[in-house]
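The analysis underlying the following values was restricted to heavy atoms, covering all of them including side chains, and did not include hydrogens, waters or symmetry mates. From a predicted model like this one, the values you see are computed outputs, not experimental measurements.
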Amino acid sequence: MQVLAQNPQSSLAMATDQLPKNIIYLIGDGMGPAYTSAYRYYADNPETKTVEKTIFDRLLVGSSSTYPDDDTYVTDSAASATALATSSKTYNGAISVDHQHTPITTLFEIAKAQGKTTAVVVTSQINHATPASFLAHNESRRNYDEIADSYLDNLINDQPIADLMLGGGTKYFVREDRDLTQEFTQLGYQYIDKLDELNTIKSLPALGLFAPKGLAYALGSDDPLRLTSMTRKSLDLLSAKKSPFVLMVEASQIDWCGHKNDIVCAMGEMHDFANTLELVKAYIDANPDTLLIATADHSTGGLTLGRSGKYQWKGRLLQQVTTLPKGIAHLLMADTSVLEKSESFSTFLAQHIQFEIDAREMNSLRLILKDGTKQAKALKAIEKELKIFIDKATYTGWTTGGHTAIDVPIFAYGRGQQYFNGHMDNTEIAAKLIEIMDPQDVNGK
């Protein structure tokens with residue numbers, strides 16, 4: 001593919017000695033400011049009077065607007081990721097194309113054309129909206145098979161754009177009409193399909209697909225810090241290659257939890273992302289020629305800390321929920337014998353929610369289970385009831401099952417962090433990263 005000319009929105013006249021060799025670009029999908037605030041209180045040490053700062057607080061440098069190229073002001077992940085990957089706005093649903101479906105050059109295509117090593121690490125399928133916007137071009141984010149195909153067909157210097165891809169998506173890469181994993185293998189990529197095989201990857205290029213679609217949620221996963229684990233392995237592989245690299249890491253499922261209005265789920269994902277940021281910061285402390293830049297594509301769910309006029313939020317209670325509401329619902333449906341005695345039911349729930357559930361809530365759940373409705377309907381009803389109970393107990397509120405137009409945080413650390421202070425549009429973040437990669441070309445020198 002021919003790399004198109006790209007003009008960032010502003011020239012910074014950057015000093016070469018202040019520019020990083022490597023860029024690590026982290027995106028918390030759906031992670032508006034309420035999520036980082038919630039995580040602070042969720043993670044707070046109850047033994048101290050002071051509320052401790054989290055990694056999000058320590059790295060915060062600014063905020064970003066996220067609106068798409070229409071009059072809605074509320075973006076989807078595709079339009080926002082396109083802005084973050086190309087410095088250009090587009091319509092909701094677009095994967096790095098403009099309104100005429102013309103491809104817009106991405107940060108990764110520029111990096112690959114410059115000979116840099118490129119890597120993508122996500123907890124969604126690797127052909128989901130955010131990673132796709134860095135690696136592909138398509139008129140619709142829903143064209144999952146086409147996007148997966150383009151990872152082999154959209155080439156720079158006869159090579160796929162990403163040297164390393166870790167996440168989910170076997171459903172789209174191993175198909176009856178085409179097995180993309182075999183084609184990647186023929187190009188010299190090592191392929192693995194189990195997360196616990198990460199350490200078998202010894203060098204790049206490599207591809208790891210660990211689920212049919214997205215990975216299991218953090219809470220209840222075999223590896224609750226699976227994004228951290230994949231990022232650690234990626235940094236090891238990229239460092240061993242000893243060439244400049246660009247790594248994009250997405251905590252994809254913060255957004256999915258927000259769409260479900262599931263605060264327990266969201267805090268599990270936030271904890272994994274916080275650990276990933278700590279890992280990257282430590283890497284930069286040891287490799288100061290690297291930039292960490294992190295943000296969100298948008299906020300999801302209209303999360304509020306406090307509800308019903310109460311001046312209260314009890315986020316630490318969430319640490320006493322050890323199973324996702326959906327998981328509890330599945331367990332209840334699999335063994336309804338716990339309903340026979342109130343004590344049995346109480347004992348069962350106490351294994352998963354370790355704070356008091358009042359009799360009315362217990363009765364609501366029992367009535368759903370005894371209703372005799374279809375299993376799928378009962379599962380959803382139980383999950384919803386459990387989420388409502390947890391929200392009431394913690395004073396958590398939600399305004400929508402979709403996205404919002406609220407500005408999102410920007411975090412930065414390492415060489416070049418000074419270029420991301422204050423308020424920016426999401427396109428300006430990408431524009432500055434593109435200029436960092438090739439300042440002489442941008443400044444016309």
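- Of the possible donor and acceptor atoms, none in the side chain of Asp179 sits under 3.5 Å from a partner among the backbone N and O of Glu176.
- In this structure, Thr90 contributes its side chain and Val97 its backbone to a donor-acceptor pair below 3.5 Å.
- Sorted by first and then second residue, the pairs that involve residues 386-402 and meet side-chain hydrogen bond (donor to acceptor under 3.5 Å, both in side chains), not counting sequence neighbours, are Trp313-Thr396, Asp391-Trp398, Thr394-Thr396.
- For Phe245, there are no ring-ring contact (aromatic ring centres under 6.0 Å, His included) partners two or more places apart in sequence or in a different chain.
- Residues Ser133 and Ala78 come closest through the heavy atom pair OG-O, 3.6 Å.
- Within a 6.0 Å radius of NZ in Lys380, no more than 12 heavy atoms belonging to other residues, nucleotides or ligands are found.
- Although no hydrogens or angles enter the test, the distance criterion places a donor-acceptor pair under 3.5 Å between the side chain of Asp262 and the main chain of Cys265.
- When atom types are taken as modelled, the side chain of Asn127 and the backbone of Asp145 share no donor-acceptor pair closer than 3.5 angstrom.
- Panel note: side chain Asn426, backbone Leu84; no donor-acceptor pair is recorded below 3.5 Å.
- Dense packing is recorded around CD of Glu52, with more than 12 heavy atoms of other residues, nucleotides or ligands lying under 6.0 Å away.
- For Lys260, the NZ atom sits in a packed shell: over 12 heavy atoms of surrounding residues, nucleotides or ligands are nearer than 6.0 Å.
- Residues Leu291 and Leu433 form a side-chain contact, since some pair of their non-hydrogen atoms from C-beta on lies under 4.5 Å apart.
- For Thr170 (side chain) and Ala211 (main-chain N/O), a donor-acceptor pair under 3.5 Å exists by modelled atom type.
- With contacts defined as side-chain heavy-atom distances shorter than 4.5 Å, the pair Leu195/Met230 qualifies.
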### side-chain contact (heavy atoms from CB on, under 4.5 Å) between Thr130 and Val122, intermediate numbers included
CA-CA 9 Å; Thr130 300; Val122 298; over 6 Å; no
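- With sequence neighbours excluded, no residue forms a ring-ring contact (aromatic ring centres under 6.0 Å, His included) with Phe210.
- With Lys89 contributing its side chain and Tyr67 its backbone, the two residues share a donor-acceptor pair below 3.5 Å.
- Ring geometry, Tyr91 versus His101: the interplanar angle falls from 30° to 60°, so the pair is classed tilted.
- Residues satisfying the side-chain hydrogen bond (donor to acceptor under 3.5 Å, both in side chains) criterion with His259, sequence neighbours excluded, are Asp255, His403.
- Looking at residues two or more places apart in sequence or on another chain, you find no salt bridge (Lys or Arg N to Asp or Glu O under 4.0 Å) involving Asp407.
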### Query
Can you list the steps and then say if Arg316 with Tyr41 is a side-chain contact (heavy atoms from CB on, under 4.5 Å)?
CA-CA 7 Å; Arg316 286 202 304 266; Tyr41 304 128; over 6 Å; no
All N/O donor-acceptor pairs, side-chain side in residues 271-290, below 3.5 Å, sequence neighbours left out:
residue	atom	partner	partner atom	Å
His271	ND1	Tyr39	OH	2.8
His271	NE2	Asn275	ND2	3.4
Asp272	OD1	Thr228	N	3.2
Asp272	OD1	Thr228	OG1	2.8
Asp272	OD2	Arg226	N	3.4
Asp272	OD2	Arg226	NH1	2.8
Asp272	OD2	Leu227	N	2.9
Asn275	ND2	His271	O	2.8
Thr276	OG1	Thr228	N	3.3
Thr276	OG1	Thr228	OG1	3.1
Thr276	OG1	Asp272	O	2.9
Glu278	OE1	Arg58	NH2	3.1
Glu278	OE2	Arg58	NH2	2.8
Lys281	NZ	Asp285	OD2	3.3
Tyr283	OH	Ser239	OG	2.8
Asp285	OD1	Tyr413	OH	2.4
Asn287	ND2	Tyr283	O	2.9
Thr290	OG1	Asn22	ND2	3.1
Thr290	OG1	Asn287	O	3.3

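- The aromatic rings of Phe173 and Phe184 are tilted relative to each other, their planes meeting at an angle between 30° and 60°.
- A distance-only check finds a donor-acceptor pair linking the side chain of Gln319 to the backbone of Tyr42 [under 3.5 Å].
- At a threshold of 4.5 Å between non-hydrogen side-chain atoms, the residues Thr54 and Asp57 count as touching.
- Heavy atoms from other residues, nucleotides or ligands lying under 6.0 Å from CG of Asp222 number 12 at most.
- In summary, the side chains of Ser80 and Thr75 do not present any donor paired with an acceptor at a separation below 3.5 Å, with no hydrogens or angles considered.
- One finds no salt bridge joining Arg232 and Asp223 here, because no Lys/Arg side-chain nitrogen approaches an Asp/Glu carboxylate oxygen to under 4.0 Å.
- Not one N or O on the side chain of Tyr144 forms a donor-acceptor pair closer than 3.5 Å with the backbone of Gln125.
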### Query
Can Asn154 and Glu109 be said to form a side-chain contact (heavy atoms from CB on, under 4.5 Å), step by step?
CA-CA 10 Å; Asn154 181 27; Glu109 288 171 330; 3.2 Å; yes
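- With hydrogens and angles disregarded, no donor-acceptor distance shorter than 3.5 Å links the side chain of Glu269 to the backbone of Tyr217.
- Gly32 approaches Val408 most closely through the heavy-atom pair CA-CG1, 4.3 Å.
- Here the closest heavy-atom approach between residue Leu164 and residue Ser234 is recorded as CD2-OG, 3.4 Å.
- For residues 185-202, no residue pair satisfies the side-chain hydrogen bond (donor to acceptor under 3.5 Å, both in side chains) rule, not counting sequence neighbours.
- For Phe355, the ring-ring contact (aromatic ring centres under 6.0 Å, His included) partners are Phe389, not counting sequence neighbours.
- At least one side-chain heavy atom of Ile126 sits less than 4.5 Å from a side-chain heavy atom of Tyr151.
- Checked against side-chain hydrogen bond (donor to acceptor under 3.5 Å, both in side chains), Gln312 has no partners two or more places apart in sequence or in another chain.
- Between the side chains of Asn138 and Ser140, no donor-acceptor pair of N or O atoms lies under 3.5 Å.
- Annotation: side chain of Ile382 is not in contact with side chain of Lys326 (no heavy-atom distance under 4.5 Å).
- Thr323 has its side chain out of reach of Ile353: every pair of non-hydrogen atoms, C-beta onward, lies at least 4.5 Å apart.
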### Intermediate values then yes/no, side-chain contact (heavy atoms from CB on, under 4.5 Å), Thr50 and Asp44
CA-CA 9 Å; Thr50 302; Asp44 183 35; over 6 Å; no
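- Listed by chain and number, the residues in a ring-ring contact (aromatic ring centres under 6.0 Å, His included) with Phe348 are His352 (sequence neighbours excluded).
- Remark: Arg307 engages no residue in a side-chain hydrogen bond (donor to acceptor under 3.5 Å, both in side chains) (not counting sequence neighbours).
- Residues forming a side chain to side chain contact (heavy atoms under 4.5 Å, CB included) with Glu385 (at least two apart in sequence, or on another chain): Glu361, Ser364, Leu365, Ile368.
- Salt-bridge annotation for Arg141 and Asp76: present, with a side-chain N of the basic residue lying under 4.0 Å from a carboxylate O of the acidic one.
- Of the residues listed (Asp297, Thr300, Thr82), the one engaging Ser77 in a side chain to side chain donor-acceptor pair (under 3.5 Å) is Asp297, and it is the only one.
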